[in-house]
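Numbers for residues simply follow the sequence, beginning at 1. Each ligand, and each atom within it, is numbered from 1 in the order the structure gives.
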Amino acid sequence: MTGKRPVVVIVGAGFGGLRAARALRAAPVDVVLVDRHNYHLFQPLLYQVATAGLEPEQIARPIRAILRRQRNFEYRLSEVTGVNLPKRRLETSSGPLAYDYLILAIGGETNFFGLTGIERHGFGLKDVPDALRIRHAVLRNFEEAMLESDAQRRRAYLTFVVVGGGPTGVEMAGSLAELIRLVLARDYPRLNLNDTRVLLLEAGDRLLTAMPARLGAAAADKLWRKHVEVRFGASVADFDGEQVRLQSGEVVPAWTLIWAAGVQAAAVGVGLDKLQTGRLRRIVVEPTLQVPGHPEVFVIGDAAYLEHNGQPLPMMAPVAIQQARIAAANVGHLLAGRPLALFRYRDPGSLATIGRNAAVAYVGRIQVKGFVAWVVWLVIHLIQLIGFRNKLVVLLSWAWDYFFYDRGARLITPRQEERGRGKEGVA
Ligand SMILES: Cc1cc2nc3c(=O)[nH]c(=O)nc-3n(C[C@H](O)[C@H](O)[C@H](O)COP(=O)(O)OP(=O)(O)OC[C@H]3O[C@@H](n4cnc5c(N)ncnc54)[C@H](O)[C@@H]3O)c2cc1C
């Protein structure tokens, strides 16, 4: 770093922030990447950590390792708590940080829609601690069930409710059902499989609404065949840690509720809260990805609100990656006094896996399901994982589990603050 060149601060080393940092590697700027974690996380495989298929290290990689060859790059492990837009300065847990250009790529967080019982007792799935909490809860519930003499309570331990029929809910429910039927059933020979239940509750009338209806129906059918009870028109009203209450009045006794029904932009710090926001708290940006009135500030990815064909852009990795390239290019254009590029989204399609040999995918007009879609899913996720070591370890892990019907990450190792249920930390 020269200390004389313009400083571009990027907040967030997720899909968007990391790509923006890389895209600026040859630009005449110094890049400072700030994240509260020291790793880049591949969120699409988090559900496999939650269902004992992979360890967190296999789907994450240290930021310093990824960008160690980039000479104009510096990383700071800090939490950003606010932005002083007029003074061009960030407030962070490690002190103030000045910028000439700012790229905010802070991503999203679980949206519980104000359902406090669910937030308190249920599990979101957004980061590594969430996934580990789910894994520990599932495995611990099986142990508790083995010790429980009351049949009703035993069934509640073994009932797992997944809420939300989007890709995360579908993948989570399918993987959980396979973990139970293919792996845990052998670990617990005294277990009566009829006592176990996985429910996927969807408030609407179909799964995977971002995909063609035919693929949503195929996913529901496949889940039923994997013993997942798929329910439509099922809105969850409350969860007290022992019972899930639906808006219809129905009560499902269950100790575990996994909330995959909503995300919103990450909480904006002091200073950003005055900016105009769209749906789900996302910060409104121009087609150049600049914040109106602040041409030196760009917002990308889940945190940005921009419409495409009259609809908000989806909160998905390809949007963040494509926007990162435009934001980085526009920093260069500003420096050179050139006209700025406008963001246009190219939808690469969508994929969701339901378990072994089963997935649904669409790319353009092509729709595929079953084994072919599953292979496409495997290949694309392996390619996108960052780091050769991770790709190799995940491939080996998948191959082992596929041929031996195994899930290697079945240790219950909660940290002290994770003990208890949900986020309560009750011992
Ligand atoms: C379980 C799950 C499965 C998913 N599956 C898919 C999928 O299959 N396909 C797909 O396209 N998309 C998927 N997504 C969505 C995709 O992961 C997001 O759209 C994408 O990560 C958004 O990228 P981003 O750069 O905006 O934010 P993120 O990748 O979320 O990165 C945000 C970064 O900002 C950091 N950060 C946030 N706030 C602060 C702060 N105040 N201070 C410091 N650092 C901060 C965070 O630590 C994080 O590293 C999935 C998401 C989840 C949760």
Completion exercise
Short version for Glu79: what comes under 4.0 Å of ligand 1, heavy atoms counted, is both

Pair [X] + [Y], salt bridge at N-O below 4.0 Å:
{"X": "Arg231", "Y": "Glu202", "answer": "no"}
{"X": "Arg135", "Y": "Glu55", "answer": "yes"}
{"X": "Glu109", "Y": "Arg281", "answer": "yes"}
{"X": "Asp240", "Y": "Arg120", "answer": "no"}

Practice task
Could you tell me how the ring of Tyr157 sits relative to the ring of Trp255: parallel (under 30°), tilted (30 to 60°) or perpendicular (over 60°)?
Solution key: parallel

Fill in the blank from the handout: Heavy-atom closest pair (Ala373 atom, Val368 atom, distance to 0.1 Å) is CB-O, 3.6 Å

Problem - Contact check, side chains of Ile354 and Lys226, non-hydrogen atoms, under 4.5 Å - result: yes

Distance under 4.0 Å to a non-hydrogen atom of [X]: what atoms of ligand 1 satisfy this?
{"X": "Pro318", "answer": "11 (O)"}
{"X": "Met315", "answer": "15 (C), 19 (O)"}
{"X": "Lys126", "answer": "53 (C)"}
{"X": "Gly301", "answer": "26 (O)"}
{"X": "Thr168", "answer": "1 (C), 2 (C), 3 (C)"}
{"X": "Gly14", "answer": "25 (O), 28 (P), 29 (O), 31 (O), 33 (C), 49 (O)"}

For [atom], state which one of [options] supplies the nearest heavy atom.
{"atom": "atom 8 (O) of ligand 1", "options": "Gly82, Ala304, Pro44", "result": "Pro44"}
{"atom": "atom 32 (C) of ligand 1", "options": "Ala105, Ala265, Gly124, Gly17", "result": "Ala105"}
{"atom": "atom 39 (C) of ligand 1", "options": "Arg76, Arg36, Gln323", "result": "Arg36"}

Ring centers of [X], [Y] separated by less than 6.0 Å:
{"X": "Tyr405", "Y": "Trp400", "result": "no"}
{"X": "Phe15", "Y": "His40", "result": "yes"}
{"X": "Trp398", "Y": "Trp377", "result": "yes"}

Distance to 0.1 Å, residue and atom name: give those for the protein heavy atom nearest to [atom].
{"atom": "atom 37 (C) of ligand 1", "value": "Ile106 O, 3.1 Å"}
{"atom": "atom 25 (O) of ligand 1", "value": "Gly16 N, 2.8 Å"}
{"atom": "atom 34 (O) of ligand 1", "value": "Gly12 CA, 3.2 Å"}
{"atom": "atom 27 (O) of ligand 1", "value": "Gly107 CA, 3.1 Å"}
{"atom": "atom 11 (O) of ligand 1", "value": "Ala317 N, 2.9 Å"}
{"atom": "atom 9 (N) of ligand 1", "value": "Met316 CE, 4.1 Å"}
{"atom": "atom 41 (N) of ligand 1", "value": "Val80 O, 3.0 Å"}
{"atom": "atom 2 (C) of ligand 1", "value": "Gln43 O, 3.6 Å"}

Would [X] count as being in polar contact with ligand 1, using the rule that some N or O on each side must be under 3.5 angstrom apart?
{"X": "Val11", "answer": "no"}
{"X": "Ala320", "answer": "no"}
{"X": "Leu351", "answer": "no"}
{"X": "Asp35", "answer": "yes"}
{"X": "Leu125", "answer": "no"}
{"X": "Asp302", "answer": "yes"}
{"X": "Phe15", "answer": "yes"}
{"X": "His37", "answer": "yes"}

Handout entry: Gln276, CD: over 12 other non-hydrogen atoms inside 6.0 angstrom
Key = no

Exercise for the section: Report yes or no: does Ser78 have a heavy atom closer than 4.0 Å to ligand 1? Expected result: yes

Exercise for the section: Give a yes/no verdict on a cation-pi contact between Arg245 and Phe239, requiring under 6.0 Å between NZ or CZ and the six-membered ring centre and an angle within 45° of the axis. Expected result: no

Polar contact flag, side-chain donor to acceptor under 3.5 angstrom, [X]-[Y]:
{"X": "Arg88", "Y": "Tyr101", "answer": "no"}
{"X": "Thr288", "Y": "Glu286", "answer": "no"}
{"X": "Arg22", "Y": "Gln70", "answer": "no"}

Practice task
Ignoring hydrogens, tell whether any protein atom lies closer than 4.0 Å to atom 14 (N) of ligand 1; use the non-hydrogen atoms only.
Solution key: no

Problem - From CZ (Phe298) to CG (Leu340), nearest 0.5 Å - result: 6.5 Å

